[in-house]
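Below is one structure, written out as structure tokens; the observations come after it.
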Amino acid sequence: MSAQSIALLTLSLTAAAALTASRFVTHAGAVPAAGANVAGVNRSTVASGAITPVDVLGTAVVEASAAIAMGAAIETTNTGKAVTKTTGATVARALQAAAADGDLIEVLLIAN
């Protein structure tokens, strides 16, 4: 999968917990609940208390938790990975397909 992104706005957040790169993160700098609203996608793996860059507008590279079709609406899992939307908040749209858990795909971030 491609590892490109076009971040139009990246904010610095203080990690409220250990965070993994290429996963969704909340406005409070925490790992989100499944289906929750998010600030964007974290760029760095960091320990709690560290400052981390989070892409909040534009496209970002995110880790999938399962197969995702190109064009699908995306929500977050409770680990911050992307999953096809079922009942949660739409946080992104898949610009690429994911074949399996762990694939990195480019998504268009949706402010929420």
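In this text, all values refer to a predicted model and were calculated from it rather than measured experimentally.
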Side chain to side chain donor-acceptor pair (under 3.5 Å) with [X]: which residues, sequence neighbours excluded?
X: S48; result: none
X: S22; result: none
X: T10; result: D55
X: T59; result: E106

Pairs flagged by salt bridge (Lys or Arg N to Asp or Glu O under 4.0 Å) wherever residues 28-40 is involved - sequence neighbours left out:
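Listed by first then second residue: nothing to list.
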
Where [X] and [Y] come nearest, the two heavy atoms and their spacing:
X: I105; Y: A98; value: CG2-CB, 3.7 Å
X: I51; Y: S12; value: CG2-CB, 3.7 Å
X: A16; Y: A28; value: CB-O, 3.5 Å
X: F24; Y: A92; value: CZ-CB, 4.3 Å
X: A72; Y: I68; value: CB-CG2, 4.0 Å
X: A100; Y: A64; value: O-CB, 4.2 Å

Reported OG-to-CG distance for the pair S5 and L109, which is rounded to 0.5 angstrom:
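Reported value, rounded in 0.5 Å steps: 9.0 Å.
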
Atom pair OG (S65) and CD1 (I74), whose distance is rounded to the nearest 0.5 Å
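CD1 of I74 is found 8.5 Å from OG of S65.
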
Taking C-beta and beyond as the side chain, do N112 and V38 meet within less than 4.5 Å on heavy atoms?
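They are in side-chain contact.
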
Student check: side-chain heavy atoms of E75 and V83 closer than 4.5 Å
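Yes, side chains in contact.
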
Looking at residues at least two apart in the chain, or sitting in another chain, which of them share a side-chain contact (heavy atoms from CB on, under 4.5 Å) with N78?
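Residues passing side-chain contact (heavy atoms from CB on, under 4.5 Å) with N78: A34.
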
Taking ILVMFWY side chains as joined if any heavy atoms are under 4.5 angstrom apart, and letting links pass through other members, which residues group with [X]?
X: L108; result: L95
X: V31; result: I6, L8, L9, L11, L13, L19, V25, V46, V54, V56, L57
X: I110; result: none

Not counting sequence neighbours, which residues clear salt bridge (charged side-chain N to carboxylate O under 4.0 Å, His left out) with K81? List them please.
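E63, D101.
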
